[in-house]
Engineer: 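Please read through the structure below; I'll follow up with questions.
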Amino acid sequence: MFNDKLRQIFITLPLFDKEEEDCETDFKRWIYVLKNMETLERMPFKARKAVFEKLEEIADVSALSPEERHRYEQSLKVYTDYEATMEAKLLEGREEGREEGIELGVLKTAKKMKLQGYYVDAIHSVTQLPVEEIEKL
């Protein structure tokens, strides 16, 4: 044990001798899959947990030929580039929306101040709007 919250456990896979039907916990299922991955024809337990479906996808990729793997990695790169572009556009749109909202809020404040009889200089001092724009309100 490193401390009361962290400990290290070593697992010797050759000593794990349980069969598929004997694995009643997720931990035992993981150990079973890791030990037998090279010989499995189908991924056991995937009906029970989505994480085993993901593990099957990863294992399938490792079994691809070099040409298939290259095509897979290229399509994955295209996908991740697309995702990054969409995320950047989303952030950019949010920033533009924020700026627009601030501008509208400043104009609304200036208009309210003008209706309440504040001097143009006072409105300019608070909102930093050009005097000409305040006079047009």
Side-chain angles (χ1 to χ4, degrees):
M1 256 179 114
F2 295 113
N3 59 40
D4 61 336
K5 293 185 177 149
L6 182 65
R7 64 184 178 157
Q8 193 170 13
I9 299 173
F10 292 93
I11 300 169
T12 310
L13 291 179
L15 298 179
F16 185 82
D17 58 355
K18 294 203 181 284
E19 294 300 319
E20 182 178 342
E21 57 276 354
D22 299 328
C23 299
E24 58 280 337
T25 66
D26 283 342
F27 177 75
K28 290 177 183 174
R29 291 179 190 123
W30 269 105
I31 301 303
Y32 176 83
V33 168
L34 291 173
K35 179 181 180 192
N36 299 295
M37 184 157 306
E38 290 182 0
T39 59
L40 292 174
E41 291 181 17
R42 64 171 185 76
M43 183 60 65
F45 318 120
K46 82 175 183 184
R48 294 188 190 146
K49 291 271 185 177
V51 71
F52 290 106
E53 281 185 38
K54 183 67 175 170
L55 184 60
E56 182 179 44
E57 288 175 28
I58 293 167
D60 286 345
V61 169
S62 66
L64 296 175
S65 72
E67 182 183 316
E68 291 171 325
R69 182 155 188 144
H70 178 72
R71 284 197 312 255
Y72 171 77
E73 287 173 356
Q74 289 295 53
S75 69
L76 193 57
K77 183 184 179 314
V78 167
Y79 174 75
T80 55
D81 289 349
Y82 173 78
E83 286 291 313
T85 302
M86 290 295 110
E87 180 69 23
K89 290 293 183 188
L90 179 66
L91 293 174
E92 187 180 306
R94 284 184 182 158
E95 185 60 32
E96 286 176 17
R98 233 179 253 116
E99 288 171 7
E100 214 173 283
I102 289 169
E103 286 176 27
L104 289 174
V106 167
L107 286 172
K108 189 175 177 182
T109 300
K111 198 175 208 176
K112 219 181 233 186
M113 289 176 77
K114 192 170 182 183
L115 287 173
Q116 290 179 357
Y118 284 86
Y119 293 111
V120 173
D121 290 339
I123 298 171
H124 169 71
S125 171
V126 170
T127 64
Q128 299 300 309
L129 285 173
V131 173
E132 299 80 33
E133 195 169 339
I134 296 169
E135 290 172 346
K136 289 179 188 175
L137 295 176

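The shown structure was predicted, so the numbers you read here are calculated from the model rather than taken from an experiment.
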Engineer: Just how far is it from atom CG of L76 to atom CD of E73, taken to the nearest 0.5 Å?
Structural biologist: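 Spacing of CG (L76) from CD (E73) equals 7.5 Å.
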Engineer: Out of curiosity, E83 CD to D81 CG, how far, rounded to the nearest 0.5 Å?
Structural biologist: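 Between E83 CD and D81 CG, I get 10.5 Å after rounding to 0.5 Å.
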Engineer: Indicate the atoms forming the closest heavy-atom contact of R29 with E24, along with that distance.
Structural biologist: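 Answer, listing the atom of R29 first, then E24: NH2-O, 3.2 Å.
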Engineer: Sequence neighbours left out, cut at 3.5 Å: what donor-acceptor pairs do the side chains of residues 89-108 make with other protein atoms?
Structural biologist:
{"unit_1": "E95", "atom_1": "OE1", "unit_2": "R98", "atom_2": "NH1", "d": "3.1"}

Engineer: Please name the pair of heavy atoms, one in K18 and one in C23, separated by the smallest distance, quoted to 0.1 Å.
Structural biologist: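 Heavy-atom minimum between the residues: CB-SG, 4.2 Å.
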Engineer: Using the rule that two of Ile, Leu, Val, Met, Phe, Trp, Tyr join whenever any of their side-chain heavy atoms come within less than 4.5 Å, decide whether Y32 and F27 are in one cluster.
Structural biologist: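 Yes, Y32 and F27 fall within the same hydrophobic cluster.
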Engineer: Within a 6.0 Å radius of atom OH on Y119, are there more than 12 heavy atoms belonging to other residues, nucleotides or ligands?
Structural biologist: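 No, not enclosed.
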Engineer: Side chains of V78 and Q74, heavy atoms from C-beta outward: is any pair under 4.5 Å?
Structural biologist: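 Heavy-atom side-chain distance check fails, nothing below 4.5 Å.
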Engineer: Do F16 and K28 come close enough that some side-chain heavy atom pair is under 4.5 Å?
Structural biologist: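 In contact.
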Engineer: Identify all side-chain donor-acceptor contacts of residues 124-137 below 3.5 Å with residues at least two apart in sequence or on another chain.
Structural biologist:
{"unit_1": "H124", "atom_1": "ND1", "unit_2": "L129", "atom_2": "O", "d": "2.5"}
{"unit_1": "T127", "atom_1": "OG1", "unit_2": "I123", "atom_2": "O", "d": "2.8"}
{"unit_1": "T127", "atom_1": "OG1", "unit_2": "L129", "atom_2": "N", "d": "3.3"}
{"unit_1": "Q128", "atom_1": "NE2", "unit_2": "S125", "atom_2": "O", "d": "3.0"}

